[in-house]
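This structure is a prediction, so every number in the text was calculated from the model and none was measured. Protein chains get the first letters and strands the later ones, always in sequence-line order, with residue 1 at the start of each.
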Amino acid sequence: MMPATGTTPLFEVRDLRVTFEKRGRSLEAVRGISLHVAPGEVLGVVGESGSGKSLGMLASIGLQPRGARVSGSVRFKGRELTELPRAEMRSLRGSRIAMIFQDPLSSLNPVMTVGAQIAEAVWLHNPGMSKRAAMDRAKDLLALVAIPQPDRRISQYPHEFSGGMRQRVMIAMAVANDPDLLIADEPTTALDVTVQAQIMGVLAELQQRLKLGMILITHDLGVLAGHADRVAVVYAGRVVEEAGVNDLFARPGHPYTRGLIASIPNMASQTDRLFSIEGSPPPIGTLPPGCPFAPRCPMARDICRRDAPPMLFEGAHGAACHFAFDRAGRAA
Amino acid sequence: MTRYILRRLAAMPFLILGVVTLAFLLTAVTKGDPLTAIISDRQMNNPEVVAAARAKWGLDRSLPERYLIYVGNLLQGDMGTSFITRRPVAQDVLYRLPATMELVIAALIVGSSMGITLGVLAAAFRNTVVDHVARLFALIGSSIPVFWMGLALLYVFSVKWGIMPGPGRVDPRAALPPSVTGFLTIDTLLAGHLRLFLDALWHLLLPAFVLGWAVAGTISRLVRANMLEVLSREFILTARAKGAGERRVILRHALRNTLVPTLTVIGYSFAYLLTGAVLTETIFSWPGMGSYAVEAARGLDFPAIIGVTIVGGVIFLITNLITDVAYVVANPRVRLG
Ligand SMILES: Nc1ncnc2c1ncn2[C@@H]1O[C@H](COP(=O)(O)OP(=O)(O)OP(=O)(O)O)[C@@H](O)[C@H]1O
Ligand code: SF4
Ligand SMILES: [Mg+2]
């Protein structure tokens, strides 16, 4: 029961599952993620480490690791991506859909110049283009992400760049072909605190300027307050809450989301100590029956340990909790 | 980087002197009597003949004296006269070294192209039939001794099927072109002698393959392991996210990142090839340093033994130098003062 949104989604993931076969046992790491992004919209995806954010997004564009089985539906501008021939999927990646990663130190090729790596992104999708023209475009892109002296920088290797500068290079590469969707997987997590805001600034500005649809993955809900239009909260491989960003902060429907909000440093500044959710997420493959959050949930009752909660909606705001929106648990 | 190379070059003379001294001492501590190699058993009992021979070859001097004489002569390019061939060792070496180098370089080309190809294929198609076949092929090469492999292939391809030439560098009836580089494949071309060139190449193929196969295993194992490591790195995901195809990911992004360890193992396998060449040359009647060394060792031909050891040592030093420099050049992250 997907709530009607005004616009047709740019990108729509439905019941995405990613399973690994390990020693005869199948482990479901992503257990049915559903989310959607409208053109020009920023969707924040938040969740603890290991909840399947990266894996889910990678799998949605066909970049799952070897041996992973993917099922579900992924639609981009109405086209079903999971049924696309590999070559067509490839021509979408890097041109219409781009992705940047958490660690800019390891996500650039150490033995290729920065210019060559950006130029590669350009001419992979413009086969007729000369290498020179691609290099020129790379130079412009470096300037676009505010890297000083692009003429000199272009022939340098990644190790000659700082972490923040490398992430700018990644961003330049991602927007090289003016994509419609940018998936940014924790783009600032690996950076110095002082640099994090700058990089978010660059991303936000480009997102506005290029009218990018964007999926911004983070485990810091605080980042999303200023940068996301909507938020999807992921827990144990599934979206447990989705809402407009203001709605989410004002009226979180899921106890897990409330925990996340309470653990944001400046939001908790009134209280003496930072709140943190007790316990840790269940390891994949060992989910309890009923609500996966039950072992850590302060509100858990019998029904939670017995029945998995469905997604309950109030308008476009959904939460997978028996007691979302102050509803009494449906009697069993 | 230039300073690094200069520093390495400056160290070379000392290293070479070390090799010379070591080679000299090693023969000096060997027990066997070299006289048995230069005079017949019957004349051994004739003291005059024995004394004359000792004086002629300097065998009656003290060890330090002999060392100084040797080093002095060596500096003038004189390595003494071979007991067996009775020609200057330097001349023998000059004739035989190119034959060995030609074989070893050919083997290095065969071995590294085989090794890299197998390693890349095995990594790209890991845990599939391709991987298993590639690994088996590599294993055969590195586990079967060179002499056995040489004999077997020579027997099958040359003797039994007759599709490969017999031993030797070239058809023995052919008139050889003037020696310019000593590499038959190059000299024949320089002389514009195409038929002879093909014949030389044809003769080179089997021994180079036997020797190359032996190192291909080591190289392919290393390339495979490195490729797998590199393929798991994040920038590979970046390349895929850019829309690069599998070929491009493997060849442009992953392989290029395994270049440094690959170059290193290829460089160091040179030493193995030099050793392996001794056996290969013996089996294929290849008139190179290896068969020369075997003859010298059998006859306790001291001047020849020292000469071969020194030349081998120097080649080893030079390849190590080249390998290390290549390592620096290929790796943009290495910064040396
Ligand atoms: N190749 C694989 N084989 C088996 N399990 C895997 C593999 N790759 C990922 N997983 C599992 O999938 C789960 C989800 O991982 P994922 O990287 O998507 O988490 P995440 O939400 O992005 O966490 P983080 O915030 O740390 O980036 C993890 O439990 C991980 O162990
Ligand atoms: S369903 Fe129950 S256990 Fe799960 S989050 Fe809601 S209250 Fe907590
Ligand atoms: Mg992640």
* Give a yes or no answer on whether the side chain of A:Ser107 reaches the backbone of B:Thr238 with a donor-acceptor pair at less than 3.5 Å. => no
* **Intermediate values then yes/no, side chain to side chain contact (heavy atoms under 4.5 Å, CB included), B:Leu259 and A:Val111** => CA-CA 10 Å; B:Leu259 188 66; A:Val111 300; over 6 Å; no
* Would you please name every residue forming a side-chain contact (heavy atoms from CB on, under 4.5 Å) with B:Glu229, sequence neighbours left out? => B:Arg233
* **With sequence neighbours excluded, residues passing salt bridge (charged side-chain N to carboxylate O under 4.0 Å, His left out) with B:Asp187** => none
* Which answer fits A:Leu58, side chain, backbone, both or neither, if we ask what part of it has an atom under 4.5 Å from a heavy atom of chain B? -> side chain
* Asked: Can you check whether A:Met112 reaches B:Arg256 side chain to side chain, under 4.5 Å on heavy atoms?
  -> no
* Check whether any side-chain heavy atom of B:Phe235 sits under 4.5 Å from a side-chain heavy atom of A:Ser106, and report yes or no. => no
* To the nearest 0.5 Å, how far apart are CD1 in B:Ile236 and CG in A:Leu63? -> 12.0 Å
* For the student: nearest non-hydrogen atoms of A:Asp103 and B:Glu234, plus distance -> N-OE2, 3.6 Å
* To do: Using non-hydrogen atoms and a 4.5 Å limit, figure out which bit of A:Met170 sits close to chain B: side chain, backbone, both or neither.
  => side chain
* How far apart are the closest heavy atoms of A:Arg66 and B:Ala124, and which atoms are they? -> NH2-O, 3.5 Å
* Within a reach of under 6.0 Å around CZ of B:Phe316, are more than 12 heavy atoms found that belong to other residues, nucleotides or ligands? -> no
* Asked: Do A:Gln117 and B:His253 have side-chain N/O donor and acceptor atoms under 3.5 Å apart?
  -> no
* To do: Nearest 0.5 Å please: distance from the CZ atom of B:Arg248 over to the CD atom of A:Glu120.
  => 4.0 Å
* Asked: In terms of heavy-atom contacts, does CZ of B:Arg252 have more than 12 from other residues, nucleotides or ligands at under 6.0 Å?
  -> no
* Asked: Are the side chain of A:Arg90 and the backbone of B:Ala244 linked by a donor-acceptor contact shorter than 3.5 Å?
  -> no
* Taking everything shown except A:Arg152 itself, do over 12 heavy atoms lie less than 6.0 Å from its CZ? -> yes
* Contacting moiety of A:Leu108, where chain B heavy atoms sit under 4.5 Å -> backbone
* In Å and rounded to the nearest 0.5 Å, what is the NZ to CE distance from B:Lys242 to A:Met173? -> 4.5 Å
